[in-house]
Structure formats: C-alpha cells, structure tokens
Protein chains: 2
Amino acid sequence: MQNYGDYFRALREAKNMTLREVEKQADVSNAYLSQLESGKVKQPSPLTLHKLSEIYGVSYDLLMEKVGYPVPERKEKVKSESGKTSIAYRVGDISDDEELELLNYLKFIRNRKK
Amino acid sequence: MQNYGDYFRALREAKNMTLREVEKQADVSNAYLSQLESGKVKQPSPLTLHKLSEIYGVSYDLLMEKVGYPVPERKEKVKSESGKTSIAYRVGDISDDEELELLNYLKFIRNRKK
DNA sequence: TCGGTTTGCTAAGTATTGCAAGCAAATATA
DNA sequence: TATATTTGCTTGCAATACTTAGCAAACCGA
C-alpha cells in the first residue's frame, strides 16, 4: 500500500491525460499530482480524492480505501419514522427512556420557538 | 454548521467524558481535542473522525459531512441550496441548533440522576 | 488550610498537504 | 538547424493537523 502513486498514474495514463489536463479539470496543481504519482504524498485530502475519482471514473470510496482512510460502512441504517434511529444517529447511542425524554424536549423546543 | 467544535464538545459532555478519557480511548491528544472543540481545527483527518465516531456512538458519515468532506454518493441524496445534504436524506427533521440543544439536554439528563 | 490530583487550555514544535515558480528534456514547428 | 511549446518534475513556501510539555484554576481528602 506504499505505492498507490503508481495506481494514480495508471488511472491518468489510461485516460491519456497529461498532468496539466488533470490540473485544469480537478483544480489540483500539476506539481502536487506529480508528487502524488511518485509516492511522495501520504494521504491526499478527501476533497482531492473526490475530484480525482470523478475525473478518472472510479469510486470515491475506492480511492479513500486505497490511501488508507477508514471507509464508511455501507449497511448503515439511517432512516426511521419514529425518530429513534434518527436521533441516535446524530446524538449517539441512547436508551429508550432517554429517547422519549429527548423527543419530548424537542417538542418543547419547537413550541417555545413559536 | 459553522462551528462544529460545539458539536464535538456536546457529544463528549453528553457521554460525561473528560478530554483525557477520550484521549486514552481514541489515541488523540487532549490538547488537540481541546483545539477541536474550541473551533481551532478546520478539518480533522478521517482517521480522527472515525475514532471519535466510535467513541461517541455517532456515524462516521455524519462526522465527515459535519466537517465538510465529500460524502460517498448515496441513492437518493439531494443537495439543498447550502450544499448540505437535504432533510429528505438526513434522518429526522432536526436542525443543527436543535441537535445541539438535544445534546446539551441529554447531558443534563445523564448528570441529573447522579 | 495544605498538598496532591484533575481538568481544560495554551505555547511551541514537527510533519504533511498543497501551491507557485521555474527547470530540463522531449516534442513540435519554422 | 533553430525556436517555441509541451511535459514531468523539483524546490521553496504557507497553511494546518497533531504532539509534548506544562500552566492555572478547580477539586478533594487529611
């Protein structure tokens, strides 16, 4: 995993693009791209990876994983009508009692504001 | 959220943890955590966010989005004018301000019975 | 009250991301 | 051949993530 620079270079060359072409489209300097491809960059920022993923047509997740960032779990359950998952999702794990109190408090907040 | 430092602080206090407790579990210095919570850090690394997400029991995705990193594409993800993920995707109809209030109230709840 | 411990914070330092400028070799154009 | 342009690369720099060391106030038991 030391040499994902080669991987980025392969992606670019597969698209027959020059460093300066990628620079223009991704708004990332050709200097930095060169460093990236020669293994002199350890962990490019998620934003940079996101731009490159769009240009090269590979998934953002894949690039995140390539450079060693934790990758979000896919099976995250995220939606609920009752609001339980939703509140825990934003506030952290909570007990049923706490959930009830929070929902009541949320109601209080909203009535107060009116 | 402009100052997500408050959010991280609320998460920690809702768990009744000290900076040094989080430091131990996350292997992130208490000094840096303090800077993070007081808004002196712009974009903590994905690895740091991942560790904190596990300790605080919130989703890694949520923290990534909070600090402004691109989040992996999801099926029906819709962007609002502000660029943030829309309410339709976000679970529950909870604003950032409400979220902070809920976290602070949760902290109150948990300290109350001691 | 006193001495130790806890807690949050700041200061200073290291390492890395990413950029602007510019160099050297290859390639194109005359 | 001679000149200009393209291409990848290196150097020096600013910004920032993150650490170690340590300070000041609050806390706590004797």
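What's counted below: heavy atoms across the whole structure, side chains too, no hydrogens, waters or symmetry copies. By convention in this document, chain letters (A, B, ...) are assigned in the order of the sequence lines, proteins followed by strands, and residues within each chain are numbered from 1. Predicted model only: the values in this text are computed from it and were never measured.
Contact annotation: B:Arg12 side-chain N/O to C:dG8 OP1/OP2 distance is under 4.0 Å. Close to C:dT7, at under 4.0 Å from its OP1 or OP2, lies no side-chain N or O of B:Arg9.
Within the 4.5 Å cutoff, no side-chain heavy atoms of B:Gln43 are placed close to those of A:Ser45. Between A:Arg110 and B:Glu98, the closest side-chain pair of non-hydrogen atoms falls below 4.5 Å. Within the 4.5 Å cutoff, the side chain of B:Leu63 has heavy atoms near those of the B:Phe8 side chain. Two residues are said to be in side-chain contact when any heavy atoms from C-beta on lie closer than 4.5 Å; B:Leu19 and B:Arg12 meet this criterion. A heavy-atom distance below 4.5 Å is not found between the side chains of A:Asp93 and B:Tyr56.
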Would you tabulate the nitrogen or oxygen pairs shorter than 3.5 Å linking the protein to nucleotides 16-18 of chain C?
residue: C:dT16; atom: OP1; partner: A:Lys42; partner atom: NZ; Å: 2.4
residue: C:dT17; atom: OP1; partner: A:Lys42; partner atom: N; Å: 2.6
residue: C:dT17; atom: OP1; partner: A:Gln43; partner atom: N; Å: 2.3
residue: C:dT17; atom: OP2; partner: A:Lys42; partner atom: N; Å: 3.4
residue: C:dG18; atom: OP1; partner: A:Ser45; partner atom: N; Å: 3.2
residue: C:dG18; atom: OP1; partner: A:Ser45; partner atom: OG; Å: 2.6
residue: C:dG18; atom: OP1; partner: A:Thr48; partner atom: OG1; Å: 3.4
residue: C:dG18; atom: OP2; partner: A:Tyr32; partner atom: OH; Å: 2.3
residue: C:dG18; atom: OP2; partner: A:Ser45; partner atom: N; Å: 2.9

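Rounded to a whole Å, the CG atom of B:Asn16 is 15 Å from the C1' atom of C:dT6. Computed from coordinates, the A:Lys24 NZ to D:dT6 C1' distance equals 11 Å when rounded to whole Å. Between the CG atom of B:Leu19 and the C1' atom of D:dG22 there is a distance of 16 Å, given to the nearest Å. In this entry the distance linking CD of A:Glu37 with C1' of D:dT10 reads 15 Å, nearest Å. Counting to the nearest Å, the P atom of C:dG22 and the CD atom of A:Glu23 are 15 Å from each other.
If you check residues 49-56 of chain B against DNA chain C, you find no residue with a heavy atom closer than 4.0 Å.
Classification of B:Lys66 and B:Asp96 as a salt-bridged pair holds, one side-chain N sitting under 4.0 Å from a carboxylate O.
Nearest heavy-atom pair, A:Arg90 versus B:Ser95, reported as atom, atom and distance to 0.1 Å: NH1-O, 3.9 Å.
A donor-acceptor pair is defined here as one N or O able to donate and one able to accept, closer than 3.5 Å; no such pair exists between the side chain of B:Thr48 and the backbone of B:Pro44.
DNA chain D is contacted by both B:Leu33 and B:Arg20; B:Leu33 maps to the nucleotide lying nearer its 5′ end (nearest heavy atom per residue). Along DNA chain C, the nucleotide nearest A:Asn30 and the nucleotide nearest B:Ala31 are compared for position; the residue whose nucleotide lies closer to the 5' end is B:Ala31.
Taking the six-membered ring where the residue is Trp, B:His50 and B:Tyr60 present perpendicular rings, their angle passing 60° and hence far from 30°.
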